[in-house]
Amino acid sequence: MSEKKLQHIAIIMDGNGRWAKERGLPHLKGHREGAEAVRRVVEMSKEYGIKYLTLYAFSTENWKRDKEEVDGLMDLLLEFLGTQLEVLQKNNVSLKAIGRLKELPEEVYEALMQVIEETAENTDGTLVFALNYGGRAEIVDAARKLSEDVKAGKIDSKSIDEAMFSRYLYAPEIPDPDLMIRTSGELRLSNFLLWELSYSELYVTDVYWPDFGKEDFSKAIDCYYRRDRRYGGRK
Ligand code: IPE
Ligand code: IPE
Ligand code: MG
């Protein structure tokens, strides 16, 4: 196992609300600045040669927020998809999405699918948006699909192991994250990639997501390279 190779970074982009609150601004202004930080991190990942970047953009629990905030986030997402296509093409990066995507507003779903299709052949990197994503929902969805295949006689339940189960997750072709970054200080997973983060290195910074920049990104990466990944073994 090549322990130190950093090919996949996953980020819980948290703190947009607090960023706005501290400035006496509406939440949505924080989200708008957060979208700028997304643009920056996509570019930085490309510079650092990170092959996969997964961004937690909207959780299955985020529907609990006010309609105004949810609608604002969906509008921002639409806007982002509209402007990001060109950037992704220019950088030869493909877009993927994980989550219960069909439950997103129809126009968001359509725009998402369009960018995914148009960038599908790009090979320099993959940006993964976690949208209406929940780690438990992902495991439940995998269990459902798997049990259908068992029922249909396609697989024998005795042959189910971890490798087979993970093939039923949302993006089985993507390796597990090596590094998970959470901004704005909270020490929890908030239902993010529960299966995939089993052996990821965790890095939490107090910086709010809209302020997350090059220095913070490179600090997280340096920290990753100082970690000793043992995977339960002994060296
Ligand atoms: C993260 O920022 C973005 C989303 C959840 C969409 P928050 O909006 O959660 O920011 P805080 O936690 O209120 O500061
Ligand atoms: C996690 O942040 C979800 C996203 C960043 C999209 P939350 O702000 O929703 O998480 P909690 O509520 O602090 O756990
Ligand atoms: Mg939050």
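In each ligand, atom 1 is the first atom listed, and ligand 1 is the first ligand listed. None of the values given here were measured: they were computed from a predicted structure.
- Cation-pi contact between Arg65 and Trp63: absent, since separation from the ring centre below 6.0 Å together with deviation from the ring axis within 45° is not met.
- Ion pair Arg23/Glu33 not flagged as a salt bridge, since none of the NZ, NE, NH1 or NH2 atoms sits closer than 4.0 Å to an Asp/Glu carboxylate oxygen.
- Each of the atoms 1 (C), 5 (C) of ligand 2 lies under 4.0 Å from some heavy atom of Ile12.
- Looking at Arg65 next to ligand 1, an N or O pair under 3.5 Å apart turns up.
- Nearest protein heavy-atom neighbour of atom 1 (C) of ligand 1: Met13 O, 3.0 Å.
- Residues Ala142 and Tyr168 share a closest heavy-atom pair of CB-O, 3.4 Å.
- Residue-ligand proximity, Phe58 to ligand 2, at heavy-atom distances under 4.0 Å covers atoms 6 (C).
- Lys214 and Glu47 are joined by a salt bridge, as a carboxylate oxygen and a charged side-chain nitrogen come within less than 4.0 angstrom of each other.
- The N/O atoms of Glu186, backbone and side chain alike, include none that comes under 3.5 Å of an N/O atom in ligand 2.
- At a cut-off of 2.8 Å, measuring from the Mg ion (ligand 3), the protein N, O or S atoms that fall short of it are Asp14 OD1, waters left aside.
- Scanning the protein for heavy atoms near atom 11 (P) of ligand 2, the closest one is Ser190 OG, 3.6 Å.
- For ligand 1, the atoms closer than 4.0 angstrom to any heavy atom of Ala57 are 6 (C).
- At least one heavy atom of His31 lies less than 4.0 angstrom from ligand 1.
- At the top of the distance list for atom 7 (P) of ligand 1, counting protein heavy atoms only, stands Asp14 OD1, 3.6 Å.
- Note on Lys4 versus Asp178: no salt bridge recorded, every NZ/NE/NH1/NH2 to OD/OE distance being 4.0 Å or above.
- Looking at Arg167 and Glu173, no side-chain N of the basic residue comes within less than 4.0 Å of a carboxylate O on the acidic one, giving no salt bridge.
- The closest protein non-hydrogen atom to atom 9 (O) of ligand 2 is Asn62 ND2, 3.0 Å.
- Nearest protein heavy-atom contact of atom 2 (O) of ligand 1 is Asn16 N, 3.2 Å.
- Heavy-atom distances between Gly15 and ligand 1 reach below 4.0 Å in at least one pair.
- In this structure, Ile11 CD1 and Ile181 CD1 are separated by 4.5 Å, a value rounded to the nearest 0.5 Å.
- At least one protein heavy atom sits closer than 4.0 Å to atom 13 (O) of ligand 2.
- Among all protein heavy atoms, the one lying closest to atom 6 (C) of ligand 2 is Tyr56 O, 3.3 Å.
- With respect to Glu138 and Arg100, no salt bridge is recorded, no charged nitrogen being found less than 4.0 Å from a carboxylate O.
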What do the steps show when you test Phe129 against Phe80 for ring pair (Phe, Tyr, Trp, His ring centres under 6.0 Å), and what is the final call? CA-CA 12 Å; Phe129 267 162; Phe80 183 86; 5.7 Å; yes
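- Against a heavy-atom cut-off of under 4.0 Å, Arg188 is close to the following atoms of ligand 2: 11 (P), 13 (O), 14 (O).
- Residue contacts with ligand 1: Gly17 is placed with a nitrogen or oxygen under 3.5 Å of a nitrogen or oxygen of the ligand (distance criterion only).
- More than 12 heavy-atom neighbours from other residues, nucleotides or ligands sit within 6.0 angstrom of NZ on Lys145.
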Audit row: Asp176, Tyr199, side-chain hydrogen bond (donor to acceptor under 3.5 Å, both in side chains) steps and yes/no: CA-CA 8 Å; Asp176 289 344; Tyr199 265 106; over 6 Å; no
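- Residue contacts with ligand 2 for Arg18 are absent, since no atom lies close enough (heavy atoms, distance under 4.0 Å).
- With respect to the salt-bridge test (charged N to carboxylate O, under 4.0 angstrom), the residues Glu61 and Lys64 do not qualify.
- The existence of a salt bridge linking Lys151 and Asp149 is excluded, since no basic side-chain nitrogen approaches an acidic carboxylate oxygen closer than 4.0 Å.
- Here Ile139 contributes atom CD1 and Phe165 contributes atom CZ; the two are 6.0 Å apart, rounded to the nearest 0.5 Å.
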